[in-house]
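Encoded as structure tokens, the structure appears first; notes follow it.
Throughout, a chain's letter reflects where its sequence line sits, starting with A, and its residues are numbered from 1.
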Number of protein chains: 2
Amino acid sequence: MNIGEIAKLAGVSRSTVSYVLSGKRQVSPELHERITRVIEEAGYRPNATARALAEGSTRTIGLVIPPTGPHLSVDQLHFVGAVAEAAADRDFDVLLSPERQQSFERMVTEKRVDGVILMETVLRDARVTRLIDEGFPFVTIGRTGADDAHGWVDLDYAGLVTEGVRRLSALGHRSIALVNRPQELLDHEYGPAFRAADAFEKATVELEIAGISRCCDDSDDAAAGCLDEILAQAPDTTAILTINERSLAGLVSALSARGKAIPDDVSLLAITSVRNATALRPQISAADVPAAEMGEAAVDALLRRIRSHTEPGPNVLISPPFVDRGSLAPPRR
Amino acid sequence: MNIGEIAKLAGVSRSTVSYVLSGKRQVSPELHERITRVIEEAGYRPNATARALAEGSTRTIGLVIPPTGPHLSVDQLHFVGAVAEAAADRDFDVLLSPERQQSFERMVTEKRVDGVILMETVLRDARVTRLIDEGFPFVTIGRTGADDAHGWVDLDYAGLVTEGVRRLSALGHRSIALVNRPQELLDHEYGPAFRAADAFEKATVELEIAGISRCCDDSDDAAAGCLDEILAQAPDTTAILTINERSLAGLVSALSARGKAIPDDVSLLAITSVRNATALRPQISAADVPAAEMGEAAVDALLRRIRSHTEPGPNVLISPPFVDRGSLAPPRR
DNA sequence: TTGTAGGCGTTATCAC
DNA sequence: GTGATAACGCCTACAA
């Protein structure tokens, strides 16, 4: 069933059917009515591929997801889901690309999509330079180091860490630890890890408090080891700030196993998803990563970019508020 | 840059260029060489949309993901990633569809994809009947109740639960509890929850041991409540079998909080992802859900179905072995 | 207000 | 072995 058959059944030309479908020109009420009914009865739906070819636009965006490795988090799945839903709301589809040369290349060179969203951007990202050279519309989640003019959506890790340190300091803490993402990510110039470490350093210096910063692998086990290191090196630590979602549970149980009560002995403040923060006991005060909001922002930014190649990409820095769940207290004296 | 320009540059016809690209007919070495070089130099890649229209096939499969809700698990993200990677290996792309009428409909009626993979199938699934009526190729993850002839890939929950009960029974346990997925899912006729409950009932009856079966919401908190219910109603419970990945961590800490040691007081056996089972302390003996394998199996099954509409869809029942990680012991006497 | 016809970029069937 | 050329199904100037 194609547009020609509908036209024949309704006794009109193909263009008239097309215009009824698109609404791009007036069609007399009688014809409109008749054609609509025929379409309805035949259950006809225009072929997306043919439309894409004619219009020069696929109405599809690409989403490059990180490889299925140890760093994947539930947050990321939520983000993927949010992107798919936001796109669907705007009548776009989402084409998934595992982060591999071949698949990614195909998406852009064969024009399978109108634009792409890049997850897990690193400070110097080959894909970004590639897309810029190509003149292909894209938006990154996270920024490259160059604060390029392309569009990006990012969590304000620097601001959040600074604010976190301030809050802990305001409560009276004078010795604070930062639990960062894995060393490996820091080495790969992963923005959040990098900016968090940097901001932590600056904030502690400025507020004149002792700060110890540690990378921690993405596991509960690593969290225990990391905690031990911290306590060994800075035994008077009274507060921990963590951006490592995957090891938060391990950190909490390790604290409990070492007889450190939250928040009486150690205050704990995190940047993580609501779910993660509230699934634990005690619940953890945190800046809740708004995956859905970020997904929507990314889709909107990309669509704007697709529609007008000229104007610079929107930059969205998201800074969710800290929510108090009782894991913070003044240091015991 | 399109195939016509390449043809012009190489001084041949478009069809010859096309045949060099597809290899579907012999082209003289000289021409082949010349054309290949021109393609190379121009950086030409055929337009996927035009190809799809001409071939009548999009080389894309649809993946219908569950709504971004509370039941999403890391396993599911891995599955999505595995599907994307398996598809990429076979030169297919993956189009994501949030589980909504509109988006799903679009994918199939507008022929955006050659076939679809349905996640989270329920026993009576409207989407399945829809696709069967349409004659559209698809594969489900999980089965409907009707054991239809369409293709599916499923974890053998019934077999795994039966085997789990046998193992615990063989160790000497006479009072076993099953921690199932949330009641809500059971009510919605979610296959795994349904089949697990059923198999548990049968296995305990057959082996003449006391079995108590409880649904548990997907949270650590719920796990604690669920454990209390179990211990209240069957205080002599010495072993727990769980298929609820999302509450496993909570179950472990609730046991510890109630002074029940694993495995000395209570043996714990799970069906969950490796990561989940090994992230906890103690590590949990489990049948490790092979998300990657399932993703690949689903893609293969679907591609077979796409290539030959006639033969019945392959049915793949996956039953990973239980891995002992020390959370099992004979009951204390 | 409606119809005609060319074009989107490939593939594949004919001829030569 | 190679080249025209008609599909594929839709959109949209251009005519009427």
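- No donor-acceptor contact under 3.5 angstrom links the side chains of B:T144 and B:D125, judged on distance only.
- Residue B:D93 comes nearest to A:S103 through the heavy atom pair OD1-OG, 4.3 Å, listed as atom of the first residue, atom of the second, then distance.
- Heavy-atom nearest nucleotides on DNA chain D were determined for A:R59 and for B:A50, and the one closer to the 5' end corresponds to B:A50.
- Between A:R127 and A:E99, at least one side-chain nitrogen of the basic residue sits less than 4.0 Å from a carboxylate oxygen of the acidic one, meeting the salt-bridge criterion.
- Counting non-hydrogen atoms of other residues, nucleotides and ligands closer than 6.0 Å to CZ of B:R90 gives a total above 12.
- Qualifying side chain to side chain contact (heavy atoms under 4.5 Å, CB included) partners for B:A82, counting only residues two or more places apart in sequence or in other chains: B:A292.
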With side-chain contact (heavy atoms from CB on, under 4.5 Å) as the test, would you mind laying out the steps for B:H32 and B:T36 before giving the verdict? CA-CA 6 Å; B:H32 190 102; B:T36 317; 3.3 Å; yes

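- Along DNA chain C, the stretch of nucleotides lying under 4.0 Å from any heavy atom of chain B spans, 5' to 3', C:dG9 to C:dC14.
- Rounding to whole angstrom units, CG of residue B:L53 and C1' of D:dC10 are separated by 8 Å.
- Other residues, nucleotides and ligands contribute over 12 non-hydrogen atoms within 6.0 Å of the CZ atom of B:F136.
- For DNA chain C, the neighbouring residues in residues 1-13 of chain A, judged by any heavy atom under 4.0 Å, are A:V12, A:S13.
- Note that the CG atom of A:L96 and the CG atom of B:L96 stand 5.5 Å from one another [nearest 0.5 Å].
- For the salt bridge (Lys or Arg N to Asp or Glu O under 4.0 Å) condition, the pairs that include at least one residue of residues 14-34 of chain A, sequence neighbours left out, are A:E33-A:R37.
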Show the numbers, then the answer: is there a side-chain contact (heavy atoms from CB on, under 4.5 Å) between B:L21 and B:I39? CA-CA 9 Å; B:L21 251 15; B:I39 288 175; 3.6 Å; yes

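- Residues from residues 30-49 of chain A placing a heavy atom under 4.0 Å of any atom in DNA chain C, listed by number, are A:L31.
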Polar atom pairs between nucleotides 12-15 of chain D and protein, under 3.5 Å, N or O only, would you list them?
| unit_1 | atom_1 | unit_2 | atom_2 | d |
| --- | --- | --- | --- | --- |
| D:dT12 | OP1 | A:K24 | NZ | 3.3 |
| D:dT12 | OP2 | A:K24 | NZ | 3.3 |

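- Here B:E311 does not pair with B:R304 in a salt bridge; the nearest charged N to carboxylate O distance is not below 4.0 Å.
- How far CD1 of A:I65 is from OG of A:S97: 7.5 Å, rounded to the nearest 0.5 Å.
- With a 6.0 Å radius and a threshold of 12 heavy atoms from other residues, nucleotides or ligands, A:F104 has its CZ atom above the threshold.
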